[in-house]
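In what follows, a single structure is set out as C-alpha cells and then discussed.
Letters A, B, ... are given to chains in the order of the sequence lines, protein chains preceding strands, and every chain is numbered from 1.
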Amino acid sequence: MIRADYELIAQGVPVESRVLDLGCGDGQLLAHLQRVRRVSGYGIEIVPERVVAALRQGIPVLQVNLEEGLSGFSDHSFDTVILSQTLQAMRHTKEILREMLRVGREGIVTFPNFGYWKHRWQVLNGTMPKSEDMPYEWYDTPNVHLCTLHDFERLCADIGIQVIERRVMNPAGRTVDLMPNLWGSLAYYRIRLQA
Amino acid sequence: MTRTASSVGIVTARIAHFDVPLHLSSGAVLPQYQLVYETYGVLAEGKDNAVLVCHALSGSHHVAGQYAGDPRAVGWWENMVGPGKPVDTDRFFVIGVNNLGGCHGSTGPSSVNPVTGQPYGSGFPFLTVEDWVESQARLADHLGISTFAAVMGGSLGAMQALQWTIRFPERVRHALIIAAAPCLSAQNIGFNEVARQAITSDPHFHGGDFYAQGVVPERGLRLARMLGHITYLSDDAMMTKFGRELLGGTPRFSLEVEFEIESYLRHQGKKFSERFDANTYLIMTKALDYFDPARAAGGVLARALKPARAQFLVLSFTTDWRFSPARSREIVQALLDNRAVVSYAEIDSNQGHDAFLMENEDYFAVMFAYFERIAGECPP
C-alpha cells in the first residue's frame, strides 16, 4: 500500500535524481521513488527493526541519529532531501531543516497539520487530538513538535527558508485549496534556502 | 519462511597448490605455495552464488562444520554460516581459506622451505592484506569463480573484503565490512607491538627459528593472547562476565590466580599457545599495522576506494573500542563521498570487538535481511 503523501512526494522528485530520505522507516518511500523516478540515494533510520525492514526493501539504509545532524554528508550532495512525517517527532527542528538544505538543493517536508479542524474540535472539547495522521494517545506519542501550516511557514521565514510549493491534503487524499490550515490534515512543502 | 538452522555437518579441508610465483608487497617472492580451504554448499551452474569468508587475526579456513572424529573442532563462524543461517549454505557456495603465512595448513613460517628443507621460520616474508587478497584471487581462479556474490569478514577479515573491492572491483558484487577500521590507530599498533615484544623477548623464540630447537615461545604467545583478549572485550562485558570477586573470598596476598579474569586470560593464553604459531602471530599483526589503503591515495580514503564497484554493508558494534563505530563511519563517509551503494548499521551490543563473532538478535536480523537481498540477485 502506498501512503497518501508518497505520490505527492514522487511528483516533486526529478527523474534519476539523488535523494536522501530522512527517517526512511521501512524504506517503502525510497523503494517507490526508485521504481517510479529511478532515483539513487539513501534512507536514514535509527530504529534497528526499521533498518532491517529497509534492507529487506532493497534500499541502501544508514543507521544514523538525525538529531546529531548529517555531518557524514557533504554540501549539496543530493538533489532532494526528504523529511516525510518525521519533523514532528524531532527535537532539533531548526537544525534538521538547515542540515537538509545544506546537503540538498531542495527539501520536501510533510507533516500532520495540527490546525486541522478535527484536531481543533477535540481540543475545544477538552481532549488531546487524535486522527488518521496523528494516531497516538497523548501519553505514548513519538511526536514532540507538532505544528500548523502557519507555524511551519513562520519558522521557515525566520530561518531563511523559502517555500517553493505547498500542497495540503485531507484524509481522503484530496488536495485542499480552501482554508487549508483548517480543512487540511496533511501538509506537503517543497523548500529551499532563500536566495 | 523461518526454517530451523542447522550445521553444514562434517567437512573436509582441501589444499590448492600454486606454482606461479607470488610477488609480495615487501618485494619478496614466493615461488610456490599452498592454500588450505574449505567449501560449504553447492556452486550454482552460473557460478554466481559464491561467498568468500576472510578470517581475522587468529582465524582459519575452518569457518563452519566439524571434522570427522573431532566433534569439538567447530568452525569459528558456525553461528553465521550453515543451512538456514544468515549465510545460508542452501543458497550460497561459501569458501573459507587460511591466509598465507598462517599456521593451519597454508604455506607459512612453520612450513618447510623447499629450498632449504627446513621450516621457513624467520626467513618467511612479511605479508600484507594486499598480498592475501592477491593469493585469494588465485584460489578463486582455481575454483572457477570470476565474481563473488559477496566477500565478507570481521576485523582483519573485513580489511581483506575492503581490499577486494579496491583491487578486484569487477569480482565483488557485495562487500560486508564488519567491525573494521580503515587503518589501525596508534593505540592499536601499540597493543600489537606489546604482543610482538612478548613473543620476540621469549628466550624460546630464537629469532624466529625455534622449530629446529624443538621449543615454542609459549610464554610470549600466552602474553600476546592475554593482551589481545583484553582488547576484544568491552569493560562492561568483562565486568559482567568475571566481576571482581576474590576466589578465596579474601585476599591471599599471593601471585596465584585470585580473580576470575586472571584465570580466564591464563586459560585463553595457554589454549592459544598450544595451537598457534608465534611467527604467524607476528606476521598477522604486522599486516594489520601496515593496512592503510588511503596511504597510496594521498591520505584520502575516498580516493583509495574510488575503483570499488561493490555494494557495501558496513557494520559496527557500540562497545567495540578496538575498532570503534567511529572508525566504521570513516569507511561509510568515504563511500558516501564516492556515491557508492552502502548500508550501515551500528549494532547495540555490550560484547566489544568480539561481538562480530557472537549471536545477537539485531546483528543477525541485519545479516539475514542483507543476504536475502543478495540471494534475490542470484535466483536458484
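The residue among B:Ile347, B:Val341, B:Val342, B:Val366 with the most heavy atom pairs within less than 4.5 Å of chain A is B:Val342. By number of non-hydrogen pairs under 4.5 angstrom with chain A, the leading residue of B:Glu346, B:Gln311, B:Glu330, B:Arg339 is B:Arg339.
The two residues B:Pro169 and B:Pro307 have their closest heavy-atom pair at CB-O, 3.2 Å. Among all heavy-atom pairs drawn from B:Trp321 and B:Thr231, the shortest one is CZ2-CA, 3.4 Å.
Interatomic distance, NE2 of B:His174 versus CD of B:Glu377, reported as 3.5 Å (0.5 Å rounding).
Formation of a donor-acceptor pair under 3.5 Å by the B:Arg329 side chain with backbone atoms of B:Ser316 is not found in this model.
At a 4.5 Å heavy-atom cutoff, B:Val314 makes no contact with chain A through either its backbone or its side chain. For B:Ala340, the part lying under 4.5 angstrom from a heavy atom of chain A is the backbone only. Contacts of B:Asp337 with chain A are made by side-chain atoms alone, with heavy-atom separations under 4.5 Å and no backbone atom involved. With a 4.5 Å cut-off on non-hydrogen atoms, A:Ile46 does not touch chain B at all.
For B:Arg309 and B:Glu170, the salt-bridge test fails: no basic side-chain N is under 4.0 Å from an acidic carboxylate O.
For an aromatic pair to be called close, the ring centres must be under 6.0 Å apart, and B:Phe317 with B:Tyr363 satisfies this.
Side chains of B:Met159 and B:Leu184 form a contact here, defined as non-hydrogen atoms less than 4.5 Å apart. At least one side-chain heavy atom of B:Pro293 sits less than 4.5 Å from a side-chain heavy atom of B:Ile166.
Residues of residues 64-103 of chain A having a heavy atom under 4.5 Å from any heavy atom of chain B, listed by number: A:Ser71, A:Gly72, A:Phe73, A:Ser74, A:Ser77.
Counted within 6.0 Å of CD on B:Glu361, heavy atoms from surrounding residues, nucleotides or ligands total 12 or fewer; the atom is thus considered open.
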